[in-house]
Amino acid sequence: MSIIHRLSPTLAQKIAAGEVVTRPESVVKELVENSLDAGAQTITIVIKQAGRALIQIVDDGNGMSREDAELSLERHATSKLTDFDDLEKLRTYGFRGEALASIASVSQFELHTRRREDELGTFIKLEAGIRREIRSEACDEGTAIMVRNLFFNVPARRKFMKSEATEFTHIVDTVTRAAMSNPHVRFILVSDHDCVFDLPAFRPLPERIEQIYGSNLRRALLPVENVTQQFHLHGFISAPSFVKRVRTEQLFFVNGRPIHSSRGLSFAVSNAYEHLVEKGAFPSCFLFIDIDPAKIDVNVHPQKLEIKFEDERAIIDEVRHTLTNILQRASQQSASEGAMAPEMQMPAAINQGERARLRYPEYGTAAPSKSSGFEKIPVGKPPIPGNGTQTLDRLFGKTSQDLFGNAPSRLVPVDPQTSGDEPPIPVPPSSAAERKAISTEVFSDRPTLWQMHNKYIFCQIKSGMMIIDQHVAHERVLYERILHSLEDGSSLSQELLFPQAVELLPREVALIRELHDSLEKFGFHIRFFGGTSVVIDAVPADVKSGSEETILREMLESYEELERIGTFSSREALAAGFSCKAAIKSGDKLSQEEMHSLIEQLFQTKMPYVCPHGRPVVIKLALDELDRRFGRTPVTSMDNS
């Protein structure tokens, strides 16, 4: 008896659909590309529950006859190709003729379509690929497709879908790419009855970039234009002063087709900016390559996300060379004006002083001085509540409690007669010896600390010297504080007297929706104001006045990066993103009180020697090593040199 048998058509369709339809974004991509191929001038995308419940695409392109509508739902039926040679001159997005059949096989599917010359259109309804109804109907010119309950008949696939925020972000990215490569088309995206964006047609590319990514990016754009014998390169790149921590604003298009994965083009961009931006920073770019279709292969990926160039090395080298020359010319032309340098903008709240805070009127009001608001902590005694010296405006907010929510923290010896009945500070067993050593060597005498280049703190200890990176030290302190707040909700939040309305990118709004409960736990109180607008009512106590919007944006950007890397849990990624952006920076001058407070707080953390990203916080330089470097012999009773 044969053990090999033919799969049933239904099972074969479900398996094939797995190659084309991997998530709601895949459906949106295929249907939007069909609308573009049909010559649509307006495309409306409506989704519910990030595409789980509904995906509806409505266009005003060339509709289909009844015969064509029926045939379009058959596998490998297409109007784009007639023979193999057509692949070498392909100018359309679709060509395989399997998208509609694959989508219909894993959803409840409806199709409405009508050509201009027809009086009546056609309606077709399918469920799990099985035709349920077909009839003539009165409908608008063009095509409207509704996909309900995606993967309803493939529970395993539905179970492995990501959160709504993640799926929504993928949809926004796909629609954005389509809109960027087709500025002559109007795109409308509606999610759960909210209009995410409405992009008018026939606008210059810089204007569309501004509509999607904001005016700050548009002001930083540099035009790209180069025509060679092989291809035409055009588009825009950002000045080196405008960079992100993720590559979400690096878009590439070949013959109008968005390329989601191109290591070669990404390398060309990175190489051109190599000495202009720091490691881990990514400039924005929107690059279009027009090339002879015979010199590329678009049939190398199931979802057509990648292409192959006939001579990829030559293309990459030319792109890199072009971008390098543009950046050099821009730098030379604008050097005297400083146009390539980052622009410093003073936040509106900077002059509001104590009016900017409702709950903490003293926050941010200290005049520039040697002390930036840290509490002076007497040796061996905790701060006295209500004495006017609130702790650490800039570093540690408004609380004298330690990181674990206990009594005022200190690592100095305590006089039993003055300590009263205060409970002892809990110390993690794994670091008890280290804490005791630090307490003995550093805080018993409170030695003078030195700050080098407003970046590193030098501290003398009995065995030599300890060097601390102030930024990552504060980052570690904030990281563990946020994790603790997320566990028990014990954060301090400061309300804004004047709530801030902020316009965000769609993917940022989606992230806030996903993280809203966690953000509330550690101090952010945010209301949704419709579309891509939110209102910030309160922020964590560690956020400096006037930086609320900046901290929120940078935290979300860092969270995206850490989530993509996958080495952090969602909670840890959020804490790491906030701590990195809210911590003091290299270049911030600290007073003696600030430095002592920072070190005290640092050595109460569970892991004081590395920051959340793995960078070292403390370097110890032994006295024996210094003696060896200077050629000194060990000191004896006979030789006190």
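FYI, side chains are in, hydrogens and waters are out, and symmetry mates aren't considered; it's all heavy atoms of this structure.
- The 12-atom threshold is not exceeded at NZ of Lys162, counting heavy atoms of other residues, nucleotides or ligands nearer than 6.0 Å.
- No side-chain heavy atom of Leu505 sits under 4.5 Å from any side-chain heavy atom of Thr248.
- We find the CD1-CD distance between Ile512 and Glu514 to be 11.5 Å, quoted to the nearest 0.5 Å.
- Residues satisfying the side chain to side chain contact (heavy atoms under 4.5 Å, CB included) criterion with Ala575, sequence neighbours excluded, are Tyr479, Ile482, Leu483.
- Counting heavy atoms from C-beta on, the side chains of Val535 and Ile526 never come closer than 4.5 Å.
- Using a distance-only test at 3.5 Å, with no hydrogens or angles considered, a donor-acceptor pair links the side chain of Gln592 to the main chain of Leu449.
- Judged purely by atom type and a 3.5 angstrom limit, Ser238 uses its side chain to pair as donor or acceptor with the backbone of Ser284.
- The minimum heavy-atom distance between Ser463 and Lys620, with the atom names listed, is OG-CE, 3.0 Å.
- The heavy-atom pair separating Phe522 from Ser485 by the smallest distance is CB-CB, 3.9 Å.
- A heavy-atom distance below 4.5 Å is found between the side chains of Tyr456 and Ile467.
- The main-chain N or O of Glu554 is never found under 3.5 Å from a side-chain atom of Ser558 such that the two would form a donor-acceptor pair.
- In this structure, the separation between OG1 on Thr550 and NZ on Lys544 is 10.5 Å, given to the nearest 0.5 Å.
- Under the 3.5 Å distance criterion, with hydrogens and angles disregarded, a donor-acceptor pair is assigned to the side chains of Glu475 and His613.
- Side-chain contact between Val618 and Phe603 is present, with at least one heavy-atom pair separated by less than 4.5 Å.
- Here the side chains of Tyr273 and Leu327 are in contact, with some heavy-atom distance below 4.5 Å.
- In this structure, the side chain of Gln250 does not engage the main chain of Phe282 through any donor-acceptor pair within 3.5 Å.
- A salt bridge links Asp317 with Arg313: at least one charged nitrogen is closer than 4.0 Å to a carboxylate oxygen.
- Of the possible polar contacts, none joining the Lys455 side chain to the Gln451 backbone as a donor-acceptor pair under 3.5 Å is found.
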Any chance you could lay out the side chain to side chain contact (heavy atoms under 4.5 Å, CB included) test for Asn454 and Leu590, step after step, and finish with the verdict? CA-CA 7 Å; Asn454 296 336; Leu590 306 180; over 6 Å; no
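- The two residues Ile326 and Ile237 make their nearest non-hydrogen contact at CG2-CD1, 4.2 Å.
- Heavy atoms from other residues, nucleotides or ligands lying under 6.0 Å from CZ of Phe528 number more than 12.
- Annotation for Val269 and Leu323: closest pair CG2-CD1, 3.8 Å, computed over non-hydrogen atoms.
- Between Arg23 and Met161, every side-chain heavy-atom pair lies at or beyond the 4.5 Å cut-off.
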May I have the step-by-step check of side chain to side chain contact (heavy atoms under 4.5 Å, CB included) for Asn216 and Phe242, ending in yes or no? CA-CA 9 Å; Asn216 289 337; Phe242 193 98; 3.9 Å; yes
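- Glu487 has a carboxylate O that lies under 4.0 Å from a charged side-chain N of Arg571, or vice versa, which qualifies the two as a salt bridge.
- For the atom pair CD of Glu548 and CD of Gln494, the computed distance is 7.5 Å after rounding to the nearest 0.5 Å.
- At least one donor-acceptor pair under 3.5 Å links the side chain of Gln470 to the backbone N or O of Asp588.
- In this structure a side-chain-to-backbone donor-acceptor pair under 3.5 Å is missing from Ser579 to Leu478.
- Heavy atoms only, all atoms of each residue included: Pro283 and Ala281 are closest at CD-O, 4.0 Å.
- No donor-acceptor pair under 3.5 Å is formed between the side chain of Glu249 and the backbone N or O of Cys285.
- Here the CD1-CG distance, from Ile457 to Leu598, works out to 5.0 Å after rounding to the nearest 0.5 Å.
- Of the possible polar contacts, one joining the Arg476 side chain to the Met607 backbone as a donor-acceptor pair under 3.5 Å is found.
- Electrostatic pairing of Glu557 and Arg553 does not count as a salt bridge here, judged by no charged N lying under 4.0 Å from a carboxylate O.
- Distance check, rounded to the nearest 0.5 Å: OG1 of Thr166 to CG of Leu511 gives 7.5 Å.
- Ser215 and Glu210 make their closest contact through CB-OE2, 3.6 Å (heavy atoms, listed as atom of the first residue, atom of the second, distance).
- Under the 3.5 Å distance criterion, the side-chain polar atoms of His471 are left unmatched by any main-chain donor or acceptor of Ser586.
- By the 4.5 Å heavy-atom criterion applied to side chains, Phe524 and Met555 are counted as neighbours.
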Using the side chain to side chain contact (heavy atoms under 4.5 Å, CB included) rule, take Phe252 and Leu287 through it: C-alpha gap first, then chi angles, then the decisive distance, then the call. CA-CA 5 Å; Phe252 304 100; Leu287 297 178; 4.0 Å; yes
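- Taking CD1 of Ile619 as the start and CD1 of Ile468 as the end, the distance is 10.5 Å to the nearest 0.5 Å.
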Given the rule in the side chain to side chain contact (heavy atoms under 4.5 Å, CB included) test, do Leu496 and Asp537 qualify, once you have shown the distances and angles that lead to the verdict? CA-CA 6 Å; Leu496 303 181; Asp537 290 320; over 6 Å; no
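- Contact annotation: the side chain of Met465 never approaches that of Cys459 to less than 4.5 Å [non-hydrogen atoms, C-beta and beyond].
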